[in-house]
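To keep things clear, I will list the structure first and then write my remarks on it.
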Amino acid sequence: MATSDHHSPVDFIRAKILADQEAQRFGQRVHTRFPPEPNGHLHIGHAKSICLNFGIAREFGGLCNLRLDDTNPTKEHLNYVQSIQEDVRWLGFDWDDRLYFASDYFEALYQSAVRLIQKGKAYVDSLTAEEIRSYRGTLTTPGMESPYRDRSLDESLDLFARMRGGDFEDGAHVLRAKIDMASPNINMRDPALYRIRKATHYRTGDAWCIYPTYDFAHPLSDAFEGITHSLCTLEFEDHRPLYDWVMRECEVSCHSQQIEFARLNLAHTVMSKRKLLQLVEEGQVQGWDDPRMPTIKGLRRRGYTPEAIRNFCERVGVAKRDSVIEMGLLEHAIREDLNRSAPRVMAVLHPLKVIIENYPEGQTEDVEAVNNPEDESQGTRQLSFSREIYIEQDDFRENPPKKFFRLSPGQEVRLRYAYIIRCIGVEKDAHTGMISAIRCTFDPESKRGGTQSARKVKGTIHWVSIPHAVPAEVRLYETLLLSSSSSGVDCEPQDSQPVLNPQSLQVLPMCWVEPGLRSVAIGSRFQFERQGYFCLDPDSSAEKLVFNRTVPLRDSWAKIEKP
RNA sequence: UGGGGGAUCGUCUAGGGGCAAGACAUUAGAUUUUGGUUCUAAGAACCCAGGUUCGAUUCCUGGUCCCCCAGCCA
């Protein structure tokens, strides 16, 4: 029985499953599957499907299988199988011992095909691919029957056996379902069931040279596994009559219900494997795990948590309408998670030197900083303070605009967890005229515990002590695309090149961070106070820290400044 | 111009013959040693036209627009 947790409204799929249970369909059993083809890495679109399939199984007390849909040897590789398992697990889902491969069903599939021929429901066609295409007709005109359509059962049986035996070259023959060449649904115009592919399959090697198509293998795989609800994306709606035809004609014991939903599209990125592969191959990104990529591996490296992704998928919902989700929703999900979990830390990305004139030279003192105001259990840490510090360039303005609450000549600002300082001068480079340092004085009583600690100033800024700071490289990311992808569908024949965002990666080679960050684990996530959430990139070494910005903090000042 | 789907705030998603709900985003205010968080408030939508009806966004009819299908890909 469904646990309607989160009072979230029931989507149309869950509603249908509920109805099936009430009608005692499938004996109230709920069994789903996530069936990726191992021809690429998983992305956030797959995450939606994963959350849906595994989520429904869990909610209804059912099961969800992981199935690799590996019926095309020319595209699939073992390393993707590994990667897929890793990503599904990372997302927090478990298929127990139910890892299946369509390729494990090749013999059973073959036997089903033979029975279809024996029933007169399939035949070996010897037309070329081009001929088949022209016989198929068009969207508006019916197709024509192949001259081989009525060849004898025995001849088809013999040919099919010899196809399997390797007697023919690729493309010489194909096994077709015998349905209706005049069907208004082109998928029903005698679709191919088996084709010859003399290619080595990553799992079955050269054991086979004929391979079943998706339309034949998928319904039967579902049936073999006792899948009750077979969830897929909208473009397969047209295939459902064929899915049902295969189920019926093969007389399976479990006739699964195919249900289609709209795939996930995210604004300002691409989601098709083909386009993602193109980005990788053209070197537009570093690889499949480039933090700009919408792949699970990319998001993970970027600093996203599984929890945030799951949460995002839940908020996105499930429906049949084509939609494009704004990045803001994804960003909200990760901020929400990291706000309560990520330790705060101070880091200066665009350093500007500040000299505190009335602070004794050579003196150092510790100030206490809160690790996470949202979580007292994370405690506090000591930070070293000294006469020379770095602040953010943005936190000083020689000619401050209205409502600028930070440092400017004559004005005061609070240094986070430390003193209030006042700007008393600006040093400029003699040649360039650029500001090279700020001169300040501090109020010795303004630190926490001091007599002036409660004194209010408009702004509080972050800082690092120059003698104590550790250098780091920081990588800032923006969306991959300037334009929004219109369609996530994999195979548009001709479609305009997406406009890549030239600012998608900005590297800041000379930043300064708190010394405590020197020894944190790869992947650790932090909030750089007032800036955003960052995580330590695997490119980091003992000599060089590299941080990725997962997402910036919301910034209402930026909105005030440039409307 | 065949067939299959779809159309509700800027974006997602509910709902349903009788005040159109939530989330994100936006705006305003309060709190705040993060211009963060949190809290409060506000603005913001039923594709169009007829019909049925006391009443239609919902039902009916006819349009319009969008997406998918002519792989031996999935």
Side-chain angles (χ1 to χ4, degrees), chain A residues 7-11 35-37 39 69 71-72 74-75 125 128-129 132-134 136-143 170-171 173-176 183-189 191-197 210-211 213-215 217-218 232-241 260 262 267 273 315-333 335-336 339-340 344 346 370 373-374 403-406 414-418 420 446 448 453-462 486-487 489-491 527-532 552-561:
Chain A
H7 352 254
S8 56
V10 172
D11 57 72
E37 180 185 15
N39 68 344
D69 208 353
T71 57
N72 185 348
T74 62
K75 296 191 170 185
D125 196 355
T128 65
I132 287 179
R133 184 169 1 104
S134 63
R136 187 155 30 226
T138 69
L139 294 177
T140 50
T141 59
D170 286 15
H173 305 282
V174 66
L175 183 73
R176 290 230 255 169
S183 171
N185 181 348
I186 291 182
N187 295 298
M188 298 300 271
R189 317 239 264 231
L193 265 23
Y194 263 92
R195 71 284 208 189
I196 303 170
R197 277 266 201 298
I210 58 171
Y211 293 91
T213 58
Y214 166 87
D215 283 316
H218 205 91
C232 63
T233 44
L234 250 28
E235 66 269 26
F236 292 105
E237 261 175 326
D238 286 345
H239 293 243
R240 190 172 355 116
E260 311 84 8
K273 281 179 185 169
R315 282 164 192 266
V316 157
V318 190
K320 299 197 73 162
R321 169 177 14 175
D322 294 308
S323 62
V324 181
I325 310 307
E326 290 177 347
M327 275 292 183
L329 194 61
L330 221 205
E331 295 183 339
H332 171 78
R335 284 194 192 106
E336 182 180 57
N339 175 52
R340 54 175 183 249
R344 310 296 110 133
M346 293 205 282
V370 173
E374 306 293 318
K403 289 188 173 172
F404 186 79
F405 299 154
R406 283 109 96 146
R414 164 146 243 141
L415 295 175
R416 180 92 160 136
Y417 300 123
I420 293 172
S446 58
R448 183 161 48 196
S453 68
R455 197 148 71 78
K456 297 283 182 206
V457 289
K458 280 283 187 63
T460 298
I461 64 175
H462 60 277
S486 55
S487 161
V489 175
D490 250 283
C491 35
Q527 183 194 101
F528 287 4
E529 291 219 39
R530 301 206 306 135
Q531 307 197 86
L553 251 31
R554 296 185 72 201
D555 184 357
S556 53
W557 166 242
K559 287 172 193 164
I560 295 169
E561 207 188 13

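Convention: sequence-line order gives letters A, B, ...; per-chain numbering from 1.
The gap from the C1' atom of B:rG22 to that of B:rG15 amounts to 11 Å, rounded to the nearest Å. Rounded to the nearest Å, the gap between the P atom of B:rG4 and that of B:rA42 is 46 Å. Going from the C1' atom of B:rU53 to that of B:rU61 covers 15 Å, rounded to whole Å. Distance noted for atom C1' between B:rA44 and B:rU32: 29 Å (whole Å). Taking atom P on both nucleotides, B:rC60 is separated from B:rU26 by 40 Å, rounded to a whole Å.
The residue A:T71 sits close only to the backbone: its heavy atoms come under 4.0 Å of sugar-phosphate atoms, none of a base. As judged by a 4.0 angstrom heavy-atom cut-off over every strand, A:R448 is placed among the base-contacting residues. The residue A:Y211 sits apart from the nucleic acid: no heavy atom pair falls under 4.0 Å. Nucleic acid contact for A:R189: none, since no nucleic acid atom lies under 4.0 Å from a heavy atom of the residue.
Among the nucleotides B:rG36, B:rC68, B:rC73, the one closest to any side-chain atom of A:L553 is B:rG36. Set against B:rC73, B:rC69, B:rU34, the side chain of A:T460 has B:rU34 as its closest nucleotide. Closest contact between the side chain of A:R554 and the listed nucleotides B:rA74, B:rC24, B:rU37 involves B:rU37.
Side-chain N/O atoms of A:D238 and base N/O atoms of B:rG3 include a donor-acceptor pair closer than 3.5 Å. Put simply, the side chain of A:Q531 and the base of B:rU34 share no donor and acceptor less than 3.5 Å apart. A donor-acceptor contact under 3.5 angstrom links the side-chain atoms of A:E374 to the base of B:rG36. Side-chain atoms of A:R414 and base atoms of B:rU33 include a donor and an acceptor less than 3.5 Å apart. For a distance-only test at 3.5 Å, the side chain of A:E326 qualifies as a donor-acceptor partner of the base of B:rG10.
For A:R195 and B:rA74, the shortest distance from a side-chain N or O to OP1 or OP2 is below 4.0 Å. Residue A:S323 places no side-chain N or O under 4.0 Å from the OP1 or OP2 atom of B:rU11. Contact check, A:S556 against B:rG36: a side-chain N or O comes under 4.0 Å of OP1 or OP2.
Note that NE2 of A:H332 and CZ of A:R554 are 9.5 Å apart. Values are rounded to the nearest 0.5 Å.
Centre separation under 5.5 Å together with a plane angle under 30° does not hold for the ring of A:Y214 and the six-membered base ring of B:rA74, so they are not marked as stacked.
Pairing partner, B:rA7: B:rU64, with both Watson-Crick or wobble hydrogen-bond distances short of 3.5 Å. In a base pair of the Watson-Crick type (N1 to N3 plus N6-O4 or O6-N4) or a G-U wobble (N1-O2 and O6-N3), with each distance short of 3.5 Å, B:rG2 is matched with B:rC69.
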